[in-house]
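Whatever order the structure lists ligands and atoms in, that order sets their numbers, starting from 1. The first residue of the sequence shown is numbered 1, and numbering continues consecutively from there.
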Amino acid sequence: MAVTLEVSDLNKSFGGIHAVKDCSFGVEDGSITSLIGPNGAGKTTVFNLINHVIRPDSGTVRFEGRDVTGKMPHRLTRLGIGRTFQVTRTLGDMTVLENMVVGSSGTGVRSMFGSRMLDHEVERAMELLEFVGIAEYAYTNAEALSYGQRKLLEFSAVLMSGPQIVLLDEPAGGVNPSLLTRMVARIRELNANGLTFFIVEHNMDLVMDISDSVIVMAHGEVLLHGSPDDVQSDRRVLDAYLGKV
Ligand SMILES: Nc1ncnc2c1ncn2[C@@H]1O[C@H](COP(=O)(O)OP(=O)(O)O)[C@@H](O)[C@H]1O
Ligand SMILES: [Mg+2]
């Protein structure tokens, strides 16, 4: 399979902390690839570097062969890289439906100026809310949703722009088992239809169950990149989690 997202020699320091060191890996097109590692390993920083929330000190990010290092998040969205962070940035007093539309590419400014949502946007948003099972809350204030429902909203909002790859930072964190089962089923379904996933997740059962490929980070570096079986049977991975390396 072809590599769709390729990270080469990424480096990022915060003051004296070398959070990401010479990090290189590829995410294969059509795969579910997970990034794991103990707290502080640099996983979220790698996500932020890919999505240009922060700038790398050095290194490149390529998507479909094109250098996208330093491209602004809305440009990346248009190129097909989706990332869940809409809900954490929710503008207070909005319904679930409004959150869906505001999060989608290019509509933010228009919505801010109070224009009406376009019919096709509403239609698409309703389909996606239906797909993740929260359509009944479309006209509810997003703040009234449970934590797990918000995660589902985040997840469906990122699909509004029709991405080719979706980056999920801890999708299962704090989500109850029944909503989690639903989210996993949807991830599998979308993946079966060709959508690539790159996921940071702490729930190891989930990671090992859902992933084609697992990247393990420790101390800012890639320790190992292999199949779930490779990773589970590698002593270095256990040592990293136990803080021995
Ligand atoms: N904005 C920041 N300022 C200073 N230090 C940071 C910042 N973001 C992350 N770090 C540090 O970088 C390291 C990696 O953090 P992070 O990428 O959040 O790890 P993970 O997501 O694997 O838990 C940690 O030591 C963390 O304290
Ligand atoms: Mg993190």
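- Closest approach of Gly59 and Thr69 over heavy atoms only: O-CG2, 3.6 Å.
- For the side-chain contact (heavy atoms from CB on, under 4.5 Å) with Phe63, the lone residue among Val3, Leu5, Val27 that qualifies is Leu5.
- Residue Ala41 has at least one heavy-atom neighbour below 4.0 Å for each of these atoms of ligand 1: 19 (O), 20 (P), 22 (O).
- Using modelled atom types, no side-chain atom of Lys12 and backbone atom of Leu49 make a donor-acceptor pair closer than 3.5 Å.
- Within a 4.0 Å radius of atom 14 (C) of ligand 1, the protein has at least one heavy atom.
- Considering both main-chain and side-chain atoms, Ile17 never comes within under 3.5 Å of ligand 1 through any nitrogen or oxygen pair.
- Smallest separation of non-hydrogen atoms from Gly220 and Cys23: O-SG, 4.3 Å.
- Below 3.5 Å of separation, one finds an N or O of Gly40 facing an N or O of ligand 1.
- Among protein heavy atoms, the minimum distance from atom 19 (O) of ligand 1 is reached at Gly42 N, 3.2 Å.
- Of the protein's non-hydrogen atoms, Phe14 CE1, 3.5 Å is the one closest to atom 9 (C) of ligand 1.
- For the pair Asp57 (side chain) and Ser13 (backbone), a donor-acceptor distance under 3.5 Å is present.
- Taking 4.0 Å as the cut-off between side-chain N and carboxylate O, Arg124 and Asp119 do not count as a salt-bridged pair.
- The closest non-hydrogen atom to atom 22 (O) of ligand 1, taken over Glu170, His18, Lys43, comes from Lys43.
- Under the 4.5 Å side-chain criterion, counting only non-hydrogen atoms from C-beta, Arg188 is in contact with Ile210.
- Taking a distance limit of 4.0 Å, we find that atom 27 (O) of ligand 1 is approached by no protein heavy atom.
- Nearest protein heavy-atom neighbour of atom 12 (O) of ligand 1: Ala19 CB, 3.3 Å.
- Taking 2.8 Å as the criterion, Thr44 counts as a coordinating residue of the Mg ion (ligand 2), since one of its N, O or S atoms falls below it.
- Of the protein's heavy atoms, Thr44 CB, 3.8 Å lies nearest to atom 18 (O) of ligand 1.
- Not close to ligand 1: Gly37, with no non-hydrogen atom less than 4.0 angstrom away.
- If you check which protein heavy atom lies closest to atom 17 (O) of ligand 1, you get Thr45 OG1, 2.6 Å.
- When every heavy atom of Phe131 is checked against every heavy atom of Arg186, the shortest pair comes out as O-NE, 2.5 Å.
- Those atoms of ligand 1 that come under 4.0 Å of a heavy atom in Asn39, given as number and element, are 23 (O).
- Pairing each heavy atom of Phe197 with each of Phe155, the nearest pair is CE2-CE1, 3.9 Å.
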